[in-house]
Amino acid sequence: MTTHGASLIDVARLAGVSTATAGRALGGYGQVSERTRERVLAAAAELGYRPNSLARSMITGSTNTIGVVVTDVANPFFATALRGITDVTSPAGFEVLLANTGGELSSEQRAVTVMSEKRVDGMIVAAARPGEGAHLKHAMDAGVPVVLIDRQVSGVPDADSITVDNDHAAAEAMEHLLELGHRRIAVITEAGGQLARVRSGNRRRGLFPSAVRLRGYVNALDAAGLAVDSALVASARYDRSSAYDAMVRLLDLADPPTAVLCTDNVLASGAYRAAQDLGLRMPAEVSLIGFDDEPWTTLVRPELTIVEQPTYDLGARAGRQLLTRITATGHQRPQHIQLRAKLVARGSTVPR
DNA sequence: AGCGCTAGCAAGTCGCTACG
DNA sequence: CGTAGCGACTTGCTAGCGCT
């Protein structure tokens, strides 16, 4: 009996069987007679026995734990994806170790290290940087399967990925605005600084969703024969107040946009708030379109037009993919699954 | 079929020996 | 005397084999 309570030895002794038999009765493997099983279970109950999963992992080589690393747990996008993950992995007997990185690479590296040291059976990662995959590759080389969600990362050639087709998602949003007759369309994005790189057209990989969406914005304008006005590309950090400021700047322009696209839901909420505070009539004076079908988008008036991402499905598929990787033997080619987003037109976008 | 015996799992710590 | 090097042993549990 250790400080952690009864061990299998104690249970076996009380039940009058060997530790092997006690283990079989409690673990549900091998052959045990009904009478013996009952004796063992009774002994375990009397002693308040709890199996030592550390010891079990030592011999089975697995911890039945998966690591999930995201940039922002407070973002409903990741919260919903996490639900998709656990709904799939939990019935399979896996527990989740969650880490929030705040988008900091160092924080992500630490999380991956800690999870490796805790011997998780696999990891699902929404990476902080598209070009920094060395720590993930290191984990994979050590035999820990990694499934990337939402973002591709270069330098991790064997990792599966589940992402959203953001080119298509942005195209949907832009098509909608163009069909409504808008010509001065602005974008609020975290990827504003990458405009030149996005326009040069190279680098299919190594772009995060916001940058891909910015590319979709540019491509849509090009296709419509409209020039990209850099004054209409507003940079914002990943927070509401920064998006708020960006929206104010756009609306203060001498020739303001008639429609604004926000490349994620956090930015959209800040922009929406700015339009309200400025006393602007929305959608009459400016149309607004965002991402993700969050509750607030239908609680406000006008309701926000959004591009709905299959967020839950993203998580569920990532979970399923990781489970097959964990149970698979030998090398299999990495899978790159792209899911489709769809436009949900609501009151915040109207014809020009 | 039902059970016991025992090796061995990972990652250490402990204690002994040999040596400068 | 200090210490580097190394084998023995530690934990709780399960896999595999063998006996009845």
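So that the names make sense, note that chain A is the first sequence line, chain B the second, and so on, each numbered from 1. These values consider heavy atoms only, across backbone and side chains, with no hydrogens, waters or symmetry-generated copies.
- When the salt bridge (charged side-chain N to carboxylate O under 4.0 Å, His left out) test is applied to Asp252(A), no partner is found at least two apart in sequence or on another chain.
- Where Arg119(A) and Ser18(A) each meet DNA chain B at their nearest nucleotide, the meeting point lying more 5' is that of Ser18(A).
- Read 5' to 3', the first and last nucleotides of DNA chain B with an atom closer than 4.0 Å to a heavy atom of chain A are dG2(B) to dA11(B).
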Per-pair distances, 0.1 Å, donor-acceptor, side chain in residues 168-175 of chain A, under 3.5 Å, sequence neighbours excluded:
from      : atom 1 : to        : atom 2 : distance (Å)
His168(A) : NE2    : Arg340(A) : NH1    : 2.8
Glu172(A) : OE1    : Leu343(A) : N      : 3.2

Show me the donor-acceptor pairs within less than 3.5 Å that the side chains of residues 127-137 of chain A make with the rest of the protein, sequence neighbours left out.
from      : atom 1 : to        : atom 2 : distance (Å)
His135(A) : NE2    : Glu108(A) : OE2    : 2.6
Lys137(A) : NZ     : Asp141(A) : OD1    : 3.4
Lys137(A) : NZ     : Asp141(A) : OD2    : 3.0

Detail all sub-3.5 Å separations between protein N/O atoms and N/O atoms belonging to nucleotides 13-15 of chain C.
from    : atom 1 : to       : atom 2 : distance (Å)
dC13(C) : OP1    : Tyr49(A) : OH     : 2.6
dC13(C) : OP1    : Asn52(A) : N      : 3.1
dC13(C) : OP2    : Leu8(A)  : N      : 2.3
dT14(C) : OP1    : Arg56(A) : NE     : 2.8
dT14(C) : OP1    : Arg56(A) : NH2    : 3.2
dT14(C) : OP2    : Tyr29(A) : OH     : 3.2
dT14(C) : O5'    : Tyr29(A) : OH     : 3.4

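- Judged as a salt bridge (charged side-chain N to carboxylate O under 4.0 Å, His left out), and not counting sequence neighbours, Arg333(A) has no contacts.
- Screening residues 25-54 of chain A for side chain to side chain donor-acceptor pair (under 3.5 Å), with sequence neighbours left out, gives Ser33(A)-Thr36(A).
- If you chain together ILVMFWY residues whose side-chain heavy atoms come under 4.5 Å of each other, Val73(A) ends up grouped with Ile66(A), Val68(A), Val70(A), Phe77(A), Phe78(A), Leu82(A), Ile85(A), Val88(A), Phe94(A), Val96(A), Leu98(A), Ile124(A), Val147(A), Ile149(A), Ile162(A), Val164(A), Leu314(A), Leu322(A), Leu323(A), Ile326(A), Ile337(A), Leu339(A).
- Listed by first then second residue, pairs satisfying ring pair (Phe, Tyr, Trp, His ring centres under 6.0 Å) with a partner in residues 264-283 of chain A read Tyr272(A)-Trp296(A), not counting sequence neighbours.
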Below 3.5 Å, can you tabulate the donor-acceptor pairs from side chains in residues 112-119 of chain A to any protein atom, sequence neighbours excluded?
from      : atom 1 : to        : atom 2 : distance (Å)
Thr113(A) : OG1    : Gln109(A) : O      : 2.8
Ser116(A) : OG     : Val112(A) : O      : 2.9
Arg119(A) : NH1    : Ser116(A) : O      : 2.9

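- Geometrically, Arg213(A) engages Phe291(A) in a cation-pi contact, judged by NZ or CZ lying under 6.0 Å from the ring centre and within 45° of the ring axis.
- Comparing the end axes of the helix from dA1(B)-dT20(C) to dG20(B)-dC1(C), each fitted to five base pairs by superposing C1' atoms of four pairs onto the next four, gives an inter-axis angle of 40° (nearest 10 degrees).
- The salt bridge (charged side-chain N to carboxylate O under 4.0 Å, His left out) search around Asp87(A) returns none, not counting sequence neighbours.
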